[in-house]
Colleague: 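One structure is given below, represented as structure tokens, and several questions about it will come after.
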Amino acid sequence: MFNDLKNKSIVVTGASSGIGWYCVEALCAEGARVLAIGRNEAQLRALKDKTACDIVVADLAQQAGLDLVERELGEVDGLVNCAGLALLEPATEVTADAFDQMMAVNARAAALMSRIVARRMIDQGRGGAIVNVSSQASLASLNDHLGYSASKAAMDAMTRVQCAEWGPHNIRVNSVNPTVTLTPMAKVGWSDPVKAEGMLSRIPLHRFAEPEEVVQPILFLLSQASSMISGIVLPIDGGFTAG
């Protein structure tokens, strides 16, 4: 579908599960050369066996993990910041530890990974595309999501700044903001009909997203099909944030 992604070098963080895993599969199917980064070595090796992607086992919340990625990184045309952490707490029970962990993974790691990649793109001189995988939680209130929402709102703010600063180098930066996406883990987490209906009642399409419904917009934003799109925050939420 996105033929120009063939032979492009794309980095995907958070690749050992969830949306990141599906992004790697889809990019490899398009013929891209993919570097998959994650913390779960067994899962990354399974992904490598399935797709022939390259892998780096690294914790991007730690400087050592970022240093390892920078050493392993070759040429790069695109980045998908998909590494994420959700530790849900009521606003009256927010803990410093959970808040700090989410900011470290969801915001700081994405900022520092983007810095590494953008510097490489600037040195290469041919531009590129970065997609930050944010959340509907940055755009609307969700109970127990204070820390998570704050970290994803930070990611959206970073997208706008990165767009402005790196645009002159022909680097496009965009956010996608999915609703609940039915990865294997989410299917278990949202299997309770009562819990699910509480969210579905706020989604005009009255369903959750399938992984490919999030992955395809990400590939679009990485491709030349979106060559004049930068700095957007794109809800993929069946209308949740329209109300």
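Sequence positions, counted from 1, serve as the residue numbers for this chain.
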Colleague: Between the side chains of Ser175 and Ser134, does any donor sit under 3.5 Å from an acceptor?
Modeller: no
Colleague: Checking Gln216 against Met1 for the side chain to side chain contact (heavy atoms under 4.5 Å, CB included) test, could you report, in this order, the C-alpha distance in whole Å, the side-chain angles of both residues, the deciding distance, and whether it holds?
Modeller: CA-CA 9 Å; Gln216 290 303 308; Met1 182 182 296; 3.4 Å; yes
Colleague: By ring pair (Phe, Tyr, Trp, His ring centres under 6.0 Å), which residues pair with Phe208, not counting sequence neighbours?
Modeller: Trp190
Colleague: Between Thr179 and Ile203, what is the shortest heavy-atom contact and its length?
Modeller: OG1-CD1, 3.6 Å
Colleague: Does any part of the side chain of Ile130, heavy atoms only, come nearer than 4.5 Å to the side chain of Trp166, both counted from C-beta?
Modeller: yes
Colleague: For Arg120, does the CZ atom have more than 12 heavy-atom neighbours from other residues, nucleotides or ligands under 6.0 Å away?
Modeller: yes
Colleague: Would you say that Asp156 contacts Leu139 through its side chain, given a criterion of any heavy-atom pair below 4.5 Å between the two side chains?
Modeller: yes
Colleague: Quick check: is Leu35 connected to Ile116 through a chain of hydrophobic side chains (ILVMFWY, heavy atoms under 4.5 Å apart)?
Modeller: yes
Colleague: How far does CD of Glu197 sit from NZ of Lys195, to the nearest 0.5 angstrom?
Modeller: 14.0 Å
Colleague: Looking only at heavy atoms, what is the nearest atom pair of Thr183 and Gly18, with distance?
Modeller: CG2-CA, 3.7 Å
Colleague: Under the rule for side chain to side chain contact (heavy atoms under 4.5 Å, CB included), what residues qualify as partners of Ile229, not counting sequence neighbours?
Modeller: Asn174, Phe220, Leu221, Ser226, Ile232
Colleague: Say whether Ser16 and Asn40, considering side chains only, have a donor N or O and an acceptor N or O under 3.5 Å apart.
Modeller: no
Colleague: For Glu70, which residues count as a salt bridge (charged side-chain N to carboxylate O under 4.0 Å, His left out) partner, sequence neighbours excluded?
Modeller: none
Colleague: Taking side chain to side chain contact (heavy atoms under 4.5 Å, CB included) as the definition, give me every residue that meets it alongside Asn143, ordered by chain and number, with sequence neighbours left out.
Modeller: none
Colleague: Check the pair Gln162 / Ser114 against side chain to side chain contact (heavy atoms under 4.5 Å, CB included), numbers first and verdict last.
Modeller: CA-CA 9 Å; Gln162 292 164 343; Ser114 296; 3.5 Å; yes
Colleague: Measure the CZ-CG distance between Arg108 and Leu66 for me, rounded to the nearest 0.5 Å.
Modeller: 8.0 Å
Colleague: Please give me the minimum heavy-atom distance between Val215 and Ala26, naming the atom from each residue.
Modeller: CG1-CB, 3.5 Å
Colleague: Group every Ile, Leu, Val, Met, Phe, Trp and Tyr by side-chain heavy-atom contacts under 4.5 Å, then state whether Phe240 and Val180 land in the same group.
Modeller: yes
Colleague: How far apart are the closest heavy atoms of Ser151 and Ala107, and which atoms are they?
Modeller: O-CB, 4.0 Å
Colleague: Just verifying a value: how many Å separate Asp123 CG and His169 NE2, rounded to the nearest 0.5 Å?
Modeller: 10.0 Å
Colleague: Is Leu73 reachable from Leu112 through a run of I, L, V, M, F, W or Y residues, each pair having side-chain heavy atoms under 4.5 Å apart?
Modeller: yes
Colleague: Tell me whether Ser230 contacts the main-chain N or O of Val173 through its side chain, where contact means a donor paired with an acceptor under 3.5 Å.
Modeller: yes
Colleague: Which atom names give the shortest non-hydrogen contact between Cys28 and Val34, and what distance separates them?
Modeller: SG-CG2, 3.8 Å
Colleague: How many angstroms lie between atom CE of Met113 and atom CG of Asn81, to the nearest 0.5 angstrom?
Modeller: 6.5 Å
Colleague: Please round to the nearest 0.5 Å and tell me the distance separating atom CZ of Arg202 and atom CD of Gln136.
Modeller: 8.0 Å
Colleague: Does any pair with a residue in residues 210-235 pass salt bridge (charged side-chain N to carboxylate O under 4.0 Å, His left out), and if so which ones, sequence neighbours excluded?
Modeller: Arg207-Glu213
Colleague: Can you list everything that forms a side chain to side chain contact (heavy atoms under 4.5 Å, CB included) with Ala58? Sequence neighbours excluded, please.
Modeller: Ile37, Val56, Leu60, Leu68, Val69
Colleague: Taking the side chain as C-beta and beyond, is there a heavy-atom pair between Glu75 and Lys8 under 4.5 Å?
Modeller: no
Colleague: Donor-acceptor check, side chain of Arg160 to backbone of Gly231, threshold 3.5 angstrom: yes or no?
Modeller: no
Colleague: Under a 4.0 Å N-O cut-off, is there an ion pair linking Arg126 with Asp77?
Modeller: yes
Colleague: Could you pull out the closest heavy-atom pair between Val214 and Ala209, with the gap in Å?
Modeller: CG2-CB, 4.2 Å
Colleague: Is a side-chain N or O of Glu30 found less than 3.5 angstrom from the main chain of Phe2, in a donor-acceptor match?
Modeller: yes
Colleague: Taking side chain as C-beta onward, heavy atoms only, is Leu219 less than 4.5 Å from Leu27?
Modeller: yes
Colleague: Shared ILVMFWY cluster between Leu234 and Val80, side chains joined below 4.5 angstrom?
Modeller: yes
Colleague: In Å and rounded to the nearest 0.5 Å, what is the CD to CG distance from Gln124 to Asn170?
Modeller: 12.0 Å
Colleague: May I ask you to test the Ile19-Ile218 pair for a side-chain heavy-atom distance under 4.5 Å?
Modeller: yes
Colleague: Hey, does Glu25 have a side-chain heavy atom less than 4.5 Å from the side chain of Leu47?
Modeller: yes
Colleague: Are any non-hydrogen side-chain atoms of Val24 and Lys50 less than 4.5 angstrom apart?
Modeller: no
Colleague: Among the clusters formed by ILVMFWY side chains lying less than 4.5 Å apart, do Ile171 and Leu222 turn up in the same one?
Modeller: no
Colleague: Under the criterion side chain to side chain contact (heavy atoms under 4.5 Å, CB included), I'd like the reasoning laid out for Asp237 against Asn177: C-alpha separation, chi angles, the key distance, then a yes or no.
Modeller: CA-CA 7 Å; Asp237 64 357; Asn177 298 60; over 6 Å; no
Colleague: Are Glu89 and Leu146 close enough that some pair of their side-chain heavy atoms sits under 4.5 Å apart?
Modeller: no
Colleague: Start with the C-alpha gap between Cys23 and Val131, add the side-chain angles, then the distance that decides, and say whether side chain to side chain contact (heavy atoms under 4.5 Å, CB included) holds.
Modeller: CA-CA 11 Å; Cys23 280; Val131 180; over 6 Å; no
